[in-house]
There are 2 protein chains.
Amino acid sequence: MNTYYQPSLCEGDNYLTEEEAVHCARSHRSRVGDSVELVDGCGHRGSGIIKSITKTDVAVSVSNLITDPLQPCERTWLCLAPTKQMERTEWMLEKAVEVGIGRISFFYSQYSERRTLRLDRLRRIVIEACKQCRASRFPLLDEPKAYETLLHEDSEAYSLAFAHYTQEDLRSLDVFAANAPHPVKLIVGPEGGFTATEYRAALTSGYEGVCIGDRRLRTETAALVGVILIGEHCNC
Amino acid sequence: MNTYYQPSLCEGDNYLTEEEAVHCARSHRSRVGDSVELVDGCGHRGSGIIKSITKTDVAVSVSNLITDPLQPCERTWLCLAPTKQMERTEWMLEKAVEVGIGRISFFYSQYSERRTLRLDRLRRIVIEACKQCRASRFPLLDEPKAYETLLHEDSEAYSLAFAHYTQEDLRSLDVFAANAPHPVKLIVGPEGGFTATEYRAALTSGYEGVCIGDRRLRTETAALVGVILIGEHCNC
């Protein structure tokens, strides 16, 4: 059964947006009477039947609307610097969405390798990944910010973790997540690393340095593994 | 400190292969006296100092050779069908190697979307990923096989799991891994799914159907999440 994004989802008749209607009619070659699923990106999911269909208009009758419970991973906030090769950031985003990330922010720090982002393109990746994995709740994707700004933003609602590769003896992220009293806000260092000043700023702002395994992971791998570990171990 | 692949690693003088020497001399612009690390792909790691260097020849004096302990993830065997878009398989391979997979096999089944693989290219990805994450033990990458052949290969040494997206109520992979008496051999279904015959063949061959989360993950995402969960939960 295919899933479509319907921002104004309601019980009864729903008319798909043109983009989704084209997808339904042309790509999936759907027909009247086919069962489909609609999600609104806010946690609601409805099963429906196609009532009428043309190449650009699709009407779906929805009879059963439910609200999905919020999972721990969906409360997680991932903050990272975009990678030099944009496709690495893009696949990480797709996969983080598939496994259920709740919020993603990008930041620019001293050694960030990339200073521009096409947020419209990233938003499309988010929506496609959500539809692929049948998620009803779409993650929040923020405008990129300066590292220092992001460090302090909404911090009081989260358990704060700061992952970077080091030889120091840090607590591992899975232990941190299992004992976190709040959902986790995780900052992952850029490819070029943090400056000593940036590292100190995180520590004095209440972040705990954590390690993600004992291997030197690429930024985008560390981010994805981090999201999966938090989803596995966090109870908030 | 940069890591280089030295198949014949020994204490004392080591002469890098031409490919690694070029990488060391040109890409990393190393100099006499620089500290480097050599790994042999079999679990041995040596720290050394560059004794001499030209554009194509590098001699490293190794004084301290250690054997890394084998981690649970390195005993894990992942079997999957290559994806239609090869870059999806390639990134999965890179990431699975980074997080420590021990063995990877590709298979062709009834609904496999792809029937060819460039194994030489995949082997290069494995080596580059190992160097990136400073792994001393390189995973085994097998020749692609028919699904039925792979199903029975070396099965007695493993706890056998079979992941595919279904509405059935299956045990989750993390619970399976935590209770597995042996290292895990995990089969992940192709994009087109398995036929009923293929599914039955797995069950009658001793595999247990498991689920990886409650979302419909892409083949390559399911494979990577599976490897990470086994690494987290398996004690063998």
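Owing to the predicted nature of the structure, the values given are computational and were not obtained by experimental measurement. In what follows, chains carry the letters A, B, and so on, assigned in the order in which the sequence lines appear, proteins first and then strands, with residues in each chain numbered from 1.
- Listed here is the closest heavy atom pair of Arg215(A) and Cys133(B): NH1-SG, 3.4 Å.
- The stretch residues 216-236 of chain B places Arg216(B), Leu217(B), Arg218(B), Glu220(B), Thr221(B), Leu224(B), Val225(B), Ile228(B), Leu229(B), Glu232(B), His233(B) near chain A, each with some heavy atom under 4.5 Å from a heavy atom of that chain.
- No more than 12 heavy atoms of other residues, nucleotides or ligands sit less than 6.0 Å from atom CZ of Arg121(A).
- In the displayed structure, Glu19(A) atom CD is contacted under 6.0 Å by at most 12 heavy atoms of other residues, nucleotides or ligands.
- Glu94(A) is listed as a side-chain neighbour of Arg88(B), based on a closest heavy-atom distance under 4.5 Å.
- Listed by sequence position, Asp174(B) are the residues of residues 171-178 of chain B in contact with chain A, using a 4.5 angstrom heavy-atom cutoff.
- A distance of 13.5 Å separates CH2 of Trp91(B) from CD of Glu87(A), quoted to the nearest 0.5 Å.
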